[in-house]
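Atom set for the values below is all heavy atoms of this structure, side chains included, hydrogens, waters and symmetry mates excluded. Start at 1 and go down the list; that is how both ligands and their atoms are numbered.
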Amino acid sequence: MSFKTIGDIQEPAGKRALVRVDLNVPMKDGKITDDTRIRAVAPTIRELSDKGAKVILLAHFGRPKGEVVADMSLAPVAPAVAAVIGRPVAFCADCIGEAAAGAVAAMQDGDVLLLENTRFHKDEEKNGADFAAALAANGDLYVNDAFSAAHRAHASTEGLARLLPAYAGRSMQAELEALGAALGAPKRPVLAVVGGAKVSSKIDLLENLVTRVDMLVIGGGMANTFLAAKGVNVGKSLCEHDLAPTALKIMAAAEKAGCEIVLPVDAVVAREFKAGAANETVALDAIPADAMMLDVGAASIETVKAKIDGASTLVWNGPLGAFEIEPFDKATVAAARHAASRTKDGKLLSVAGGGDTVAALNHAGAAGDFSYVSTAGGAFLEWLEGKELPGVTALQA
Ligand SMILES: Nc1ncnc2c1ncn2[C@@H]1O[C@H](COP(=O)(O)OP(=O)(O)OP(=O)(O)O)[C@@H](O)[C@H]1O
Ligand SMILES: O=C(O)[C@H](O)COP(=O)(O)O
């Protein structure tokens, strides 16, 4: 794989660098709860700013689907970026058009500007040529430092690289190097743990993943869809019932490939999605019709730990439960700490990735003991499958 990095930019001083970063950070009540993704892109921003480039940050936040959605604005993220990089970050309420052009024109060399959520425009996700050109109008060059969004062929992740001289940022470079080193030839048995809430956008990946790993533990919202497909009554749990055929297909593919699929055997259920909600642990055939599974139960935790004990390599994306609200963080915390301690003992190589997954590992105090923690969730899974990532491909000269 060959691409230029920001070290290859000739005479960066005074140049307008459009830098795609991933600022899709976990947020609660308007406050950022984990700034790992901001810290990951800070070296690129600082390096370009130190060299006198005008650093114009492009990013998405959430999935506003082409509409302007107030609580998906990047405005509250600008001060958080400023705090991490230790220099001011201006904000502009649109990423194209007059407002953006004016904000860019006002920049001095070395300044940093964050433009509003690219996904407020429908053509971002469609990779529309006019929209990509409108973004490109504000830059002399393009830097992609968002490995975690590189599986999307969007205007700001792919289209721009074809319009301007394109370079990989330091985080993109580090992610590709570290994942290649850790997982290029993984020691078997390989265990994958997949949970979280992005069921429809990740479930298809599992069909390929089961051909590459020896065991797949499924937890979180993802598990509910598999359990429902197997006939379990999941009550009001987060579940995509229409994906039952996909889940069944994946289970068949796993059997064919000799990959063991491990589903929860019990669940912690509650009637409200909030911290401290009254809850109970029940068997799968006793999930009340008006309750939600918000975590896997104690027996399932023991199974997950045993699978970790039997693995030489662990790859993990997606928490096992709604870890942001206690006590539904129990399984995620227990599994994270167990994997961290096996890693510390030299018995496991552990790689985890994903915006919320990293937040969960930090919450468990386990991130520092993992072999490698990636900022990427979906992109990490696609990389693991061996798929081409459009954002990476477009950088290759
Ligand atoms: N049983 C569950 N019911 C509802 N939500 C759940 C459940 N289990 C996990 N979640 C939620 O899943 C979310 C994380 O899922 P997600 O797939 O976004 O992972 P991620 O690590 O952020 O990956 P990516 O970087 O691809 O977004 C958390 O907010 C968590 O509360
Ligand atoms: O959080 C992520 O995994 C990335 O920011 C990509 O977000 P997306 O799944 O909404 O494209």
Reported CZ-to-CD distance for the pair Arg170 and Glu177, which is rounded to 0.5 angstrom:
9.5 Å

Asn362 and Thr36 side chains, donor-acceptor separation under 3.5 Å:
yes

Backbone, side chain, both or neither: what part of Asn317 comes under 4.0 angstrom of ligand 1, heavy atoms only?
side chain

Please indicate whether Asp130 has more than 12 foreign heavy atoms, meaning atoms of other residues, nucleotides or ligands, lying under 6.0 Å from its CG.
no

Is it the case that atom CD in Glu280 sees more than 12 heavy atoms from other parts of the structure closer than 6.0 Å?
yes

Gly195 versus ligand 1: do any nitrogen or oxygen atoms come within less than 3.5 Å of each other?
no

How far is atom 29 (O) of ligand 1 from its nearest protein heavy atom, and which residue and atom name does that atom have?
Glu324 OE2, 2.4 Å

Between the side chains of Asp290 and Lys236, is the shortest nitrogen-to-carboxylate-oxygen separation below 4.0 Å, so that they form an ion pair?
no

For atom 9 (C) of ligand 1, tell me which residue out of Ser201, Gly321, Ala197, Ala223 has the closest non-hydrogen atom.
Gly321

Residue that, paired with Val232, satisfies side-chain contact (heavy atoms from CB on, under 4.5 Å) out of Asn224, Leu263, Ile287, Asp285
Ile287

Identify the closest protein heavy atom to atom 27 (O) of ligand 1: which residue and atom is it, and at what distance?
Lys198 NZ, 2.7 Å

Would you mind checking which non-hydrogen protein atom is closest to atom 7 (O) of ligand 2, with the distance to 0.1 Å?
His60 NE2, 3.4 Å

Based purely on interatomic distance, does Asp356 place a nitrogen or oxygen under 3.5 Å from a nitrogen or oxygen of ligand 1?
yes

For Lys202, which part has a heavy atom under 4.0 Å from ligand 2: side chain, backbone, both, or neither?
neither

Could you tell me whether Ser148 approaches ligand 2 through its side chain, its backbone, both or neither, with non-hydrogen atoms closer than 4.0 Å?
backbone

Contact check: His151 vs ligand 2, nitrogen or oxygen atoms, below 3.5 angstrom:
no

re atom 11 (O) of ligand 2, the protein heavy-atom contact at minimum distance is Arg152 NE, 2.6 Å

Hey, are Arg87 and Asp50 close enough for a salt bridge, meaning a charged N less than 4.0 Å from a carboxylate O?
yes

Do you see a donor-acceptor pair shorter than 3.5 Å between the side chains of Glu175 and Thr375?
yes

May I ask you to list the atoms of ligand 2 that are less than 4.0 angstrom from any heavy atom of Arg63?
8 (P), 9 (O), 10 (O)

Please work out whether any backbone atom (N, CA, C, O) or any side-chain heavy atom from C-beta onward of Glu125 is under 4.0 Å from ligand 2, and answer side chain, backbone, both or neither.
neither

So if I count the atoms of ligand 1 from 1 in the order they appear, which ones are less than 4.0 Å from some heavy atom of Pro319?
9 (C), 14 (C)

Considering only heavy atoms of Asn24, which atoms of ligand 2 have at least one such atom less than 4.0 Å away?
1 (O), 2 (C), 4 (C), 5 (O), 7 (O)

Which atoms from ligand 1 have a heavy atom of Gly220 less than 4.0 Å away?
1 (N), 8 (N)

Subset of ligand 1 atoms that lie under 4.0 Å from at least one heavy atom of Arg37:
25 (O)

Minimum heavy-atom distance Glu240-Ser200, with the two atoms named:
OE1-CB, 3.4 Å

Does any N/O atom on Leu320 come nearer than 3.5 Å to any N/O atom on ligand 1?
no

When distances are taken from atom 5 (N) of ligand 1, the protein heavy atom at minimum range is Leu238 CD2, 3.9 Å

Hey, looking at atom 3 (N) of ligand 1, which of Met292, Met293, Lys202 has the closest heavy atom?
Met293

Identify, for atom 3 (O) of ligand 2, the protein heavy atom at the shortest distance, and state residue, atom and that distance.
Lys198 NZ, 3.5 Å

Do other residues, nucleotides or ligands put more than 12 heavy atoms under 6.0 Å from Lys330 NZ?
no

Please compare Cys239, Ser148, Gly221 and report which has the shortest non-hydrogen distance to atom 2 (C) of ligand 1.
Gly221

Which residue holds the protein heavy atom closest to atom 5 (O) of ligand 2, what is that atom called, and what is the gap in Å?
Asp22 OD2, 2.8 Å

Judged by modelled atom types alone, do Asp309 and His338 share a side-chain donor-acceptor pair under 3.5 Å?
yes

Under 4.5 Å between side-chain heavy atoms, chaining through other members, with only Ile, Leu, Val, Met, Phe, Trp and Tyr counted: pull out the rest of the cluster around Leu294, sorted by chain and number.
Val268, Phe273, Met292, Ile325, Phe328

How many angstroms lie between atom CG of Leu18 and atom CG of Leu115, to the nearest 0.5 angstrom?
7.5 Å

shortest atom 21 (O) of ligand 1-to-protein heavy-atom contact is with Thr357 OG1, 2.5 Å

Where Gly377 and Asn317 come nearest, the two heavy atoms and their spacing
CA-ND2, 3.2 Å

